[in-house]
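Data block below; observations after.
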Amino acid sequence: MAENLVTAIFSMDIKDQIHTNLLPKHLAIIMDGNGRWAKQKGKLRVFGHQKGSEAVKQVVEGCAELGVKNLTLYAFSTENWNRPKLEVQMLMRLLISSLKKEIKTLLDNNIKLNAIGNLKDLPVKVYKELMDVIEITKSNTNLTLTLALSYGSRDELINAIKQISIKVKNNIISPEKIDESVINEHLYTQNLPDVDLLIRTSGEQRISNFLLWQIAYAELYFTNVFWPDFTKQHLYEAIVNYQKRERRFGKTSEQLS
Ligand code: FPP
């Protein structure tokens with residue numbers, strides 16, 4: 001009881017430090033450490049993924065409550081297909097069950113679901129459930145939640161380059177007209193702003209083929225917390241840390257002030 005009270009007071013404090021006018025417009029998260037979290041507890045990796053899906057719910061709700069407009073989660077990479085077959089199957093099942101279970105959360109919080117990646121590679125059942133939830137939530141406006149599924153940034157860039165090349169070949173675009181906005185329009189993330197803050201959990205400090213183009217000017221935040229332990233509190237800490245940074249975009253401090 002007393003412990004709950006202390007947690008509540010502390011969490012109020014950190015949340016109160018957030019400036020709601022300076023929120024990242026686009027927050028992206030590499031949710032890492034599910035397997036190690038489970039191993040530490042002597043459990044199977046899949047148990048870590050299950051707990052990880054509960055953390056997803058916490059963070060999605062936290063973002064919606066704060067007013068973050070775009071949240072992108074790295075849920076399954078192109079490289080993750082190389083994991084043991086059983087783990088891939090369990091992850092796909094977990095995706096379906098989470099999508100079914102959380103429709104109400106999405107609707108209650110006015111959240112629009114979006115997905116990026118090689119979605120056609122997903123099992124039919126996952127693809128169908130995903131498309132159903134995307135359709136049901138398409139008019140929601142509070143937060144766009146993007147799941148990166150069968151996603152790889154190099155794959156996304158190759159796909160964009162192919163599409164642009166075809167348009168050049170057919171005289172739809174002239175090579176001189178290719179600029180950042182043309183590239184952006186051909187990425188899976190075409191309607192999303194650049195990432196402002198990228199969080200990676202579990203102590204690893206790498207990007208792992210995630211949103212390479214979109215994080216050009218993102219602030220990077222690494223925490224040792226394993227994803228299943230990541231709470232709203234940790235989200236607030238990351239945002240408070242982000243808001244203390246000076247984002248110069250190549251300019252000098254003096255120019256900014
Ligand atoms: C990385 O941890 C996590 C994943 C590859 C999968 C992420 C999936 C979830 C959080 C659960 C379901 C998601 C949704 C959107 C409902 P890891 O397995 O690489 O952990 P390790 O590095 O400790 O082995």
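Each ligand, and each atom within it, is numbered from 1 in the order the structure gives.
Nearest to atom 1 (C) of ligand 1 among the protein's heavy atoms is M31 O, 3.1 Å. At the shortest separation from atom 11 (C) of ligand 1 among protein heavy atoms lies H49 O, 3.5 Å. Closest to atom 10 (C) of ligand 1 among all protein heavy atoms lies N34 ND2, 3.5 Å. Nearest to atom 13 (C) of ligand 1 among the protein's heavy atoms is V56 CG2, 4.3 Å. Protein heavy atom closest to atom 15 (C) of ligand 1, with residue, atom name and distance, is L147 CD2, 3.8 Å.
Each of the atoms 6 (C), 7 (C), 8 (C) of ligand 1 lies under 4.0 Å from some heavy atom of A75. Counting the atoms of ligand 1 from 1 in the order shown, those under 4.0 Å from a heavy atom of R36 are 21 (P), 22 (O), 23 (O). Ligand 1 places these atoms under 4.0 Å from at least one heavy atom of R45: 17 (P), 18 (O), 24 (O). Set against the non-hydrogen atoms of W227, the atoms of ligand 1 under 4.0 Å away are 10 (C).
Below 3.5 Å of separation, one finds no N or O of S98 facing any N or O of ligand 1. Distances between N or O atoms of S53 and those of ligand 1 include no value under 3.5 Å.
Hydrophobic clustering places F76 together with V133 (ILVMFWY residues linked when any side-chain heavy atoms are closer than 4.5 Å, directly or through intermediates). A continuous path of ILVMFWY side-chain contacts below 4.5 Å connects Y242 to Y221, so both sit in one hydrophobic cluster.
In this structure a side-chain-to-backbone donor-acceptor pair under 3.5 Å is present from D179 to S181.
When heavy-atom distances to ligand 1 are checked against a 4.0 Å cut-off, R83 comes that close only through its side chain, counted from C-beta outward. Here F226 has no heavy atoms under 4.0 Å from ligand 1, in either its backbone or its side chain.
By the 6.0 Å and 45° rule, K41 stacks over the aromatic ring of W37.
Taking a cutoff of 4.0 Å between a charged side-chain nitrogen and a carboxylate oxygen, E54 and K51 qualify as a salt bridge.
Put simply, the residue from N118, T78, N209 that forms a side-chain hydrogen bond (donor to acceptor under 3.5 Å, both in side chains) with D155 is N118.
Atoms CD and CG, from E219 and D196 in turn, are 8.5 Å apart once rounded to the nearest 0.5 Å. Summarising the geometry, atom NZ belonging to K69 is positioned 5.0 Å from atom CG belonging to N142; distances are rounded to the nearest 0.5 Å.
When all heavy atoms are compared, the tightest approach of V168 to P175 is CG1-CG, 3.9 Å.
For N80, the closest heavy-atom approach to ligand 1 falls below 4.0 Å.
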